[in-house]
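Working notes, structure below.
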2 protein chains.
Amino acid sequence: MKTHTESEENYIKALYHLGGEQPVSNGDLAQRIGAKGSSVTQAVKRLGQKDLVNVVPYKGVQLTPQGIRLAKSILRKHRLWETFLVDKLGFGWDEVHPLAEQLEHIQSEELVDRMFQFLGSPKHDPHGDPIPERDGQMPPVLGQPIGAFTAGVEIRIVRVEDAGSEFFDQLDTMNINLGNTYKIRAISAFDSSVELGSSTGSFWLSQSMCANIYAIQS
Amino acid sequence: MKTHTESEENYIKALYHLGGEQPVSNGDLAQRIGAKGSSVTQAVKRLGQKDLVNVVPYKGVQLTPQGIRLAKSILRKHRLWETFLVDKLGFGWDEVHPLAEQLEHIQSEELVDRMFQFLGSPKHDPHGDPIPERDGQMPPVLGQPIGAFTAGVEIRIVRVEDAGSEFFDQLDTMNINLGNTYKIRAISAFDSSVELGSSTGSFWLSQSMCANIYAIQS
DNA sequence: AATAATTTTTAGCTTTGCCTAAAATAAAAA
DNA sequence: TTTTTATTTTAGGCAAAGCTAAAAATTATT
Ligand SMILES: [Mn+2]
Ligand SMILES: [Mn+2]
Ligand SMILES: [Mn+2]
Ligand SMILES: [Mn+2]
């Protein structure tokens, strides 16, 4: 398997994030990467020559099977590193993403395999996102938005969206963590906010918060 | 503290390796980096503009105090990562160097500090090389070449030179590891090879092997 | 001290990856 | 179906980091 530049890998990752296996527009990609459209046009041309993407001018860019494989391998590394940073080094789950963006580019199959073992073959990262397997298979994407449940149900938080540092701060101040269990006490018909109850009391969660927090019944 | 490219950091590291605080010739640097002299001339000019080195044309390049600080911080990371890979992930001490050359460029003070803690505040890496402290202080460089001892003395292996994979293979087949203790049985007046004795028997070590293995009396 | 050999620098080119401004194309509105 | 607007591509530049070949400076040898 050839070796790629960091920039190339970031484009592949962005494409996977935005479109998965579907085509992505030049503009969306430019926005995500944080570069101008003209730069993106050239970049994807280079990726096309390496058979990582198919480019249809004026129409969009789409990952090839090769590109998808690469995207998943980068995502696997990213999420394994996040898991390492949180589980082993004691970082907060809100701090690890930027660091993982560096570490995801380290090239060594052996390292990834050993890290995977060292971490106990995890299926999900500290935010509850699935860690792609060695062969590209994806573990299930866990949970539904909290607002999707009905009053009276017992739920467990299993995943949160990466919705920025303010979101994580809010989770922190409200003491909400993966694994926490609550009872859905009520759902407001007015603004869709949700009242959650735990052993220590109960509190209301805004619709915006709920939309980024995923849970399963349990 | 500003951020540097991988290439810049590799130049700084090479300069520190070759000359420490002393000036280094263009040719030596070129050889070490694996680039042509003309490329090196330009590269050090760039480093000069960032006050990481002082360049005297036709004479040589020398790290500034800033450059030395950077060199040590990279070396610290390199050796901490090697320690992590061997102690925590179970890599062999002969496999970790190339990986550490990638990992040493990851930028995060916080990560380094936490890793240092996680590893138990190590003073030396898996090859016995000193790990620079946070403030730039260097732990002692351990040991003397095995040939420097006299017959009858008890020694413990504390450090090995990075003398290539064949050297490590030889150490491996002879079962020589850091921490092993031996008695110096004899030193050949003919070829300076050394006879070492342990509980399991005794064997001869060539002068070339001895020159790359360091020990202390004990 | 003069010449020869070695080392270093300069000059000119290449690729990656980004930029701005202008031209071309596609999509939306009239 | 034109015309206007938005998106995308082309054209032309720039900096980092490498290269080769030629010129200049230093070092070594007669
Ligand atoms: Mn992340
Ligand atoms: Mn990245
Ligand atoms: Mn090393
Ligand atoms: Mn390196």
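In the text below, chain A, chain B and the rest are named by the order of the sequence lines, each starting its count at 1.
Side-chain proximity of S39(B) to dT8(D), dT10(C), dC19(D): nearest is dC19(D). Among the nucleotides dG17(C), dT26(D), dA16(D), the one closest to the side chain of R46(B) is dA16(D). The T41(A) side chain lies nearest to dT10(D) when the options are dT10(D), dC19(D), dT9(C).
Note on the helix from dA1(C)-dT30(D) to dA30(C)-dT1(D): angle between the axes of the first and last five pairs equals 10°, rounded to 10 degrees.
If you find the closest nucleotide of DNA chain D to K50(B) and to K36(B), the one lying nearer the 5' end belongs to K50(B). Between E6(A) and Q42(B), the residue whose closest nucleotide on DNA chain C is further toward the 5' end is Q42(B).
Note: CG (L47(A)) to P (dG17(C)) measures 8 Å, nearest angstrom. When the P atom of dT16(C) is taken as reference, atom CD of E8(A) falls 8 Å away, rounded to whole Å.
At most 12 non-hydrogen atoms from other residues, nucleotides or ligands lie less than 6.0 angstrom from CD of Q117(B).
Inter-residue side-chain proximity for K88(A) and F118(A) is flagged as met; some heavy-atom pair is nearer than 4.5 Å.
Note that CZ of F91(B) is 9.0 Å distant from CZ of F84(B), once rounded to the nearest 0.5 Å. The structure places CG of D129(A) at 8.0 Å from CG of L75(A), a figure rounded to the nearest 0.5 Å.
Among the heavy atoms of the strands lying under 4.0 Å from G27(B) are primed sugar atoms or P, OP1, OP2 only; no base atom is included. Counting non-hydrogen atoms under 4.0 angstrom, S38(A) reaches a base of the nucleic acid.
Contact check on E104(B) versus R76(B) returns no salt bridge, with no Lys/Arg side-chain nitrogen under 4.0 Å from an Asp/Glu carboxylate oxygen.
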